[in-house]
Protein chains: 2
Amino acid sequence: MLKLISKIYLIMKNISQEDYISVIYKHRDTEGLIRSTTIADRMSISNAAVTDMLRKLSRDGLIYYTKYKGISLTGEGEEFAVNLVRRHRLLEMFLYKIVNMPWEKVHEEAERLEHGASEELINRLEEMLEFPDYDPHGDPIPSKTGKIPQARSALRLDYMESGKTAVVVRVNDYDHEFMTYISSVGIIMDTELTVKNHLKFDNSIVLSIHGKELNISHKIASNIFVQEKEGEA
Amino acid sequence: MLKLISKIYLIMKNISQEDYISVIYKHRDTEGLIRSTTIADRMSISNAAVTDMLRKLSRDGLIYYTKYKGISLTGEGEEFAVNLVRRHRLLEMFLYKIVNMPWEKVHEEAERLEHGASEELINRLEEMLEFPDYDPHGDPIPSKTGKIPQARSALRLDYMESGKTAVVVRVNDYDHEFMTYISSVGIIMDTELTVKNHLKFDNSIVLSIHGKELNISHKIASNIFVQEKEGEA
DNA sequence: ATATTAATTTAAGCATACTTAAATTTAATG
DNA sequence: CATTAAATTTAAGTATGCTTAAATTAATAT
Ligand SMILES: [Mn+2]
Ligand SMILES: [Mn+2]
Ligand SMILES: [Mn+2]
Ligand SMILES: [Mn+2]
């Protein structure tokens, strides 16, 4: 006999699952397999809470999980994640392009809205936006069928050699303070910048943007991705 | 020593509270003071769950509540409710006018989105919509400061005399089946209709819309509000 | 290989929001 | 006014997701 579970639990469960799956997916997408502690860090919760949830996600068929071993998404988990990323990035694009919300604010707003937006709404927004390939931070937007546009080849800014000029094509969007800071110094999508120097002392980098000099830390540089311009001085 | 409560609890608590306060407010707005059983019915949960929550809402200062006696909103509860209604109705308007979502679907979509939409987003949508006074179902939209536009004087369709002609100015939007049905027979905002006859047998009403005859039940008529046209046959 | 450290899991317990069944209070009826 | 019926609350128990502290397993260093 199947026990009916009330609406609020389903909502809560879905929000939680979406948050976990999102963290797992995004990490794997950039840095490879994720570990328990990393999830706990990213979500600011205890390790015990993570272990608990890993068991539930495994029970629900979204991840493969064996005690003390790694974590990976099942086919269903992967689909779930891609669909969530689609919702998130289209919402960001909508907020940025249609609502004119500031660049550094759209991620957090989308983070809250994504849990409630229906498939129909998302599809309509996609149409209004004329089926964009990338979100406001340069991340690819999965299609209705789950196809993901090729990520633009990009170099992490801290790896770029002195003297070279490049254009910003992607930025990690998950930290509000970081986003606010870089946009305040003029680093947004398509910003052209030149690396003047790498300081060995603190690994910081001296840039030139629109003729003005700027020093950014190694950590900041490592969250910005650029495409080198060919045939520049 | 204040105990820190984690994010998901705050989300869950807020969604629940918003749902309860919304039901209490909307009922009072139309039919007067609400009772415990009505809340349980409207939300499809047990009476015990309602009692439980009433104690918590009272503890949190959103309602006045004494055992076995009535339920009413405090000042804070009222503000909370008006702000929620504002978010809900502006989202409906946005979905209807800008996203072009079908009339009968916007209520449910807004119901889910309202929990996640920030004040800033709502204010921007309001501006895009040029500060509308009424939502797609004819309900007034509270302003940023909580001011509520005068409700248009309207007559419940089942009270309208035979022979009179009127225009639809408001419709109760909370039931999806009802909304789908009336829109399928051509009853939407601003629809002009004439009452042909009241059948005593089942209290149903015979209407004429765009020249075509239509019979609707008393219950359907009682959820539609109209404004009589002066100087008509 | 053994000892130490780090990562992860288990155990016990709490808050939220529900459920059903039983007890209580209020309202309606004759 | 006493009796019955309806509404509401209390009691006991469940699921979700979290916490801290203790136990276990895996990784690292000597
Ligand atoms: Mn984002
Ligand atoms: Mn993004
Ligand atoms: Mn509505
Ligand atoms: Mn409405």
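Computed from a predicted model, the values in this text were never measured in an experiment. Throughout, protein chains are lettered first and strands after them, A, B, ... in sequence-line order, and every chain is numbered starting at 1.
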* To do: Give, for atom CZ of R35(A) and atom NE2 of H27(A), the distance between the pair rounded to the nearest 0.5 Å.
  => 9.5 Å
* To do: May I ask you to say what S36(A) touches in the nucleic acid, namely base, sugar-phosphate or nothing, with a heavy-atom cut-off under 4.0 Å?
  => sugar-phosphate
* Remember a base hit wins even if backbone is also touched, and classify K56(B) as base, sugar-phosphate or nothing at under 4.0 Å, heavy atoms. => base
* To do: Decide if atom CD of E120(A) counts as having more than 12 heavy atoms of other residues, nucleotides or ligands within a radius under 6.0 Å.
  => yes
* Cation-pi check, R42(B) onto Y20(B) ring (under 6.0 Å, within 45° of axis) -> no
Expressed as a whole number of angstroms, how long is the span from [X]:[atom1] to [N]:[atom2]?
X	N	atom1	atom2	answer
I11(B)	dT16(D)	CD1	P	18 Å
L54(A)	dT10(C)	CG	C1'	14 Å
E18(B)	dT16(C)	CD	P	17 Å
K69(A)	dT25(D)	NZ	P	12 Å
I45(A)	dT16(D)	CD1	P	16 Å
D52(B)	dT20(C)	CG	C1'	13 Å
I34(A)	dA7(C)	CD1	P	14 Å
Y65(A)	dT8(C)	OH	P	9 Å

* Structure fact -> Taking for T38(B) and for Q17(A) the nucleotide of DNA chain D with the nearest heavy atom, the one nearer the 5' end belongs to T38(B)
* Asked: If each of M12(A) and V50(B) is mapped to the nucleotide of DNA chain D with the nearest heavy atom, which maps nearer the 5' terminus, i.e. the 5' end?
  -> V50(B)
Would you say [N] has OP1 or OP2 under 4.0 Å from some side-chain N or O of [X]?
X	N	result
S16(A)	dG17(D)	yes
R35(A)	dA6(C)	no
R59(A)	dT16(D)	yes

* Select one nucleotide: of dT19(D), dA7(C), dT19(C), the one nearest the side-chain heavy atoms of S46(A). => dT19(D)
* Set of residues satisfying ring-ring contact (aromatic ring centres under 6.0 Å, His included) with respect to F94(A), sequence neighbours excluded -> F94(B)
Please tabulate, one pair per line, each protein N/O and nucleotide N/O from nucleotides 21-25 of chain C that are separated by under 3.5 Å, including the distance.
residue: dT24(C); atom: O2; partner: Y68(B); partner atom: OH; Å: 3.3
residue: dT25(C); atom: O4'; partner: Y68(B); partner atom: OH; Å: 3.4

* With sequence neighbours left out, which residue pairs that include part of residues 133-150 of chain A fulfil the side-chain hydrogen bond (donor to acceptor under 3.5 Å, both in side chains) condition? -> E92(A)-H137(A), H137(A)-D173(A), D139(A)-R170(A), S143(A)-T145(A)
* Asked: Will you find, in the side chains of S118(A) and E109(B), an N or O donor that is under 3.5 Å from an N or O acceptor?
  -> yes
* May I ask you to check whether H115(A) and H115(B) place their ring centers less than 6.0 Å from one another? => no
